[in-house]
Protein chains: 2
Amino acid sequence: MSSDTLRGRILAAGQRITPQRDLIAGVLERAGRPLAAQELCDAVGQEDPGIGRATVFRTLQSLQEAGIVQNVTLLGNQAGYLLCASAGHHHHLVCRHCGAIEDLPEAEVAPFLSGVEAAHGFGVDHATFNIYGACRACAGEEHAGR
Amino acid sequence: MSSDTLRGRILAAGQRITPQRDLIAGVLERAGRPLAAQELCDAVGQEDPGIGRATVFRTLQSLQEAGIVQNVTLLGNQAGYLLCASAGHHHHLVCRHCGAIEDLPEAEVAPFLSGVEAAHGFGVDHATFNIYGACRACAGEEHAGR
DNA sequence: CCACATACTGATACCTAGTCTCAGTTTGGA
DNA sequence: TCCAAACTGAGACTAGGTATCAGTATGTGG
């Protein structure tokens, strides 16, 4: 279980460990996919109905600052919260079929951004990518016909 | 003035021309940068206080379907509405300093997406990019010192 | 140029996401 | 074990956005 790692990351960000944070991070960890605000609140409420909405959002904010959670934009402009395995800035490939998430490291997008910088004379200082499609498994299934 | 073009695009999408749509599209056109929901509602209300909020949002939706308006995510996860000069799917480079928007055509990102597809075995079917930084003019200013 | 189906509008109520405040509780370092 | 600082829950509040519904405008076909 990686809870120890999670706790370590929270502590490393200079934040306190509380049962609420443990629980919220745990929910996201077990989900393994981005959760919309309501899904998350529901799931948290199911495990401990005593946790208030304000705490959920505050915790999400803290976890984002700690680099543990990323706020991603799901299809249809819905906000989603995702527990990130890798630290540091990175992007995600979201499978529309099974909801799986694959990390796209910053290193892979850097050359592309450099190209854009060169072509447009534009100094990029922040970029987020939302890439949707079919992951390897789901794409295979589709192509295999049925 | 490109209003005729705008109207043409609305008609081409099989939608009716109404004074409200004219006005809302006009506000976005004159802004030349993405407007947050509230800014847009305010600006519309200033030109014609009779236009209801519901109409503004409905119109935005219609215009999005017609490919005239894009919903972009501004920094801080704020939703913004932007009138797009070029039709078809494309992306934007947003200058943090002056708010200017530069189009990034799909053709420029396609090779990058192909690379991602090859590297991850992921079949991309939709991607949105949010790229922030300094446009040519603002970057120059910064570097020139002052 | 008139009639009419259909699309659009404004008002209003409602929903979800997210923030703010405040009094009380927990945490963890000294 | 003490205590400041950080965190919590409740609840009120704001903003963005949607649904409903009765009335109005649009534009097409005659």
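A, B, ... follow the sequence lines: proteins, then strands. Residue 1 opens every chain. Please read these numbers as outputs of a predicted model, since none were measured by experiment.
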Rounded distance (Å) that lies between atom C1' of C:dA17 and atom CG of A:Asp42: 13 Å

Donor-acceptor contact below 3.5 Å, side chain A:His92 vs main chain A:Val72: no

Any donor-acceptor N/O pair, A:Glu39 side chain to A:Ala36 backbone, under 3.5 Å: yes

Charged N-O contact under 4.0 Å between B:Arg136 and A:Glu117: no

pair A:Ile68-A:Leu6: side-chain heavy atoms closer than 4.5 Å: yes

Side-chain donor/acceptor of B:Arg21 to backbone N/O of B:Arg16, under 3.5 Å: yes

Plane angle bin for B:Tyr81 and B:Phe57 - parallel if under 30°, tilted between 30 and 60°, otherwise perpendicular: perpendicular

Whole angstrom value for the distance that separates P of C:dG18 from CD1 of A:Ile24: 14 Å

Nearest-angstrom distance from the residue atom CG of B:Leu60 to C1' of D:dG17: 11 Å

Interatomic distance where OH belongs to A:Tyr81 and C1' belongs to C:dT16 [whole Å]: 12 Å

Sugar-phosphate, base or nothing in reach of B:Ala79, heavy atoms under 4.0 Å: sugar-phosphate

Parallel, tilted or perpendicular: ring planes of B:His91 versus B:Phe129, cut at 30 and 60 degrees: tilted

Gap between atoms CD and C1', on A:Gln78 and D:dG16 respectively (whole Å): 13 Å

Nucleotide C:dT16, atom C1' - distance to CG of A:Leu40 in whole Å: 14 Å

Derivation and outcome, side chain to side chain donor-acceptor pair (under 3.5 Å), residues B:His120 and A:Glu108: CA-CA 11 Å; B:His120 293 261; A:Glu108 264 181 73; 2.9 Å; yes

Nucleotide D:dA15, atom C1' - distance to CD of B:Glu39 in whole Å: 14 Å

Nucleotides 4-9 of chain D: protein proximity per nucleotide (B base, S sugar-phosphate only, - neither; heavy atom, under 4.0 Å): -BBSBB

Joint hydrophobic cluster, B:Val44 plus B:Ile10, side-chain heavy atoms closer than 4.5 Å: yes

Touch class at under 4.0 angstrom, heavy-atom based, for B:Gln61 against every strand present: sugar-phosphate

Five-pair end axes of the helix from C:dC1-D:dG30 to C:dA30-D:dT1 and the angle they enclose, rounded to 10°: 40°

Rounded distance in Å - CZ (A:Arg53) to C1' (D:dT14): 12 Å

